[in-house]
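When reading the values below, keep in mind they use all heavy atoms of this one structure, side chains included, and skip hydrogens, waters and symmetry mates. Keep in mind the model is a prediction, meaning the values are calculated, not measured. All chains are named by letter (A, B, ...) in the order of the sequence lines, taking the proteins before the strands, and each is independently numbered beginning at 1.
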Protein chains: 2
Amino acid sequence: MPVSGKTRKDVLTEFRHQEILEAACQVFAERGFREATLDEIAGKAGLAKGTLYLYFSSKEEIFQSVMYSRLSELMARMRTAVSSGSTAAERIRNIIKARLEFFRSDEAFWRIYYTEFGQLCQQRHVKDERFRELFLQATQLVAPVLQEGMERGELRRMPPMAAAMALLDLLRNTMALYLMGMQKEEVDLEQFVFDLFWGGVAAPGGSQTAREIP
Amino acid sequence: MPVSGKTRKDVLTEFRHQEILEAACQVFAERGFREATLDEIAGKAGLAKGTLYLYFSSKEEIFQSVMYSRLSELMARMRTAVSSGSTAAERIRNIIKARLEFFRSDEAFWRIYYTEFGQLCQQRHVKDERFRELFLQATQLVAPVLQEGMERGELRRMPPMAAAMALLDLLRNTMALYLMGMQKEEVDLEQFVFDLFWGGVAAPGGSQTAREIP
DNA sequence: CAGTTTTATGACCGGCAAGTCATGAACCTG
DNA sequence: CAGGTTCATGACTTGCCGGTCATAAAACTG
């Protein structure tokens, strides 16, 4: 075995995995899991269908693999984001920036992510259990940032998990509108999301102010 | 023909349509469009598969029928909501109330709606064109409310369509978390959504205030 | 109640796509 | 280059499900 620790075989295997996952990502993004066919994925990767089974054991596994590799990356970036910056506002901004950047850099994966999300509340979808947990993890990364902000008096009191979810929603859907081309108005997404989340829609100094939600 | 204008046949037809749509709604909610089978729908309606084809011409048509009947109802309620109330805050509250009420009253349909939404950004999904328009209609109902609020100085300036979408997102996802049981904290959903949308997360009187977005 | 029409049924057909495997190509290795 | 080993292929198998239709049950009619 070479010093690098990788045999020729390892390199090929790694290379094929990447090829396949890349093709799969595109096809899943276009068609969704059910409508995607292994023939199309194989074709796009320049391979025959049988070859896919040399590297993965099922369509399901290919899908999981795409999701897992990309989500790990996203979570890593989020961890960096939440731990840099001193005020709540700064950290929130970092989170927004990190996610927008990540998803903008990989539109195809984003489409898969969004679709998968939409299936989270179908009742008989065992496969989604894992995905639901991954989503919860992201929320649990954001919630403490908000909670700390509340304790410091930078944010008003509200349920931190619910608020964290709201922020992620807002991001997800702003991204969706952008990608679907429904966002006619030219907007700085980062600024828009931050302002809306931070200050809501009310005019500053208006008559009605938001309440504390204990 | 009887005075009522309905023959016995009309009544039976109407009745079967309802039976089938009700069963279909449940099954689509559990499985999603692709995974739902006509056998299961027929079974749940107490009919045989062939019978479905006496009343509908395809699986697709059954699905469209479910969507269309429910969405008409929702749009009707939204129209009432946006036109009652004098201040922007009141109207926003009415919109929130109307949607939460509607979706709470029909959980199964809500799941279908949410899933369908998640597929909106798959690229090759011709069938969704119509659905996308229906969604846009809802947004176009809300946007003027916000715009008017801005003109009266009740809301700060921001792109009205983008803000309207954000409100609908927030509602959709708050509802999702509630239905998935991820919302641990006991929260008054209506109040929570309103406060967040209206005032954001920032503590009143904090140092950083939201900017106007022209 | 016989005859006719309407409504319901479920076995069956056909197409599709996941997954398999016998065959063959490419590539080592001595 | 012979013999063996790894990698790639795509025709084939298999199960599934939307849609059909010959048959039967129910309802209506006179």
Enquirer: Which nucleotide span of DNA chain C, 5' end to 3' end, has atoms closer than 4.0 Å to non-hydrogen atoms of chain B?
Expert: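 On DNA chain C, the outermost contacted nucleotides are dT7(C) to dG10(C).
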
Enquirer: Do the ring planes of W198(B) and F194(B) sit parallel (below 30°), tilted (30 to 60°) or perpendicular (above 60°)?
Expert: parallel

Enquirer: Would you call E30(B) and R111(B) a salt bridge, using N to O less than 4.0 angstrom?
Expert: no

Enquirer: Which residues satisfy the side-chain hydrogen bond (donor to acceptor under 3.5 Å, both in side chains) test with Q26(B), sequence neighbours excluded?
Expert: E22(B)

Enquirer: Suppose we screen for side-chain contact (heavy atoms from CB on, under 4.5 Å). Which residues come up paired with A23(A), at least two apart in sequence or across chains?
Expert: I41(A), K44(A), A45(A)

Enquirer: Sequence neighbours left out, what pairs pass side-chain hydrogen bond (donor to acceptor under 3.5 Å, both in side chains) with at least one residue falling in residues 76-85 of chain B?
Expert: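 Found E73(B)-R77(B), S84(B)-N94(B).
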
Enquirer: Scan the side chains in residues 158-173 of chain B for donor-acceptor partners under 3.5 Å anywhere in the protein, sequence neighbours excluded, and list what turns up.
Expert:
residue: D169(B); atom: OD1; partner: R172(B); partner atom: NH2; Å: 2.5
residue: N173(B); atom: OD1; partner: Y114(B); partner atom: OH; Å: 3.0
residue: N173(B); atom: ND2; partner: D169(B); partner atom: O; Å: 2.9

Enquirer: Indicate, with yes or no, if the rings of F28(B) and F109(B) have centres closer together than 6.0 Å.
Expert: no

Enquirer: Across nucleotides 8-23 of chain D, 5' to 3', mark each nucleotide with B, S or - according to how protein heavy atoms within less than 4.0 Å reach it.
Expert: BBB------SBBB---

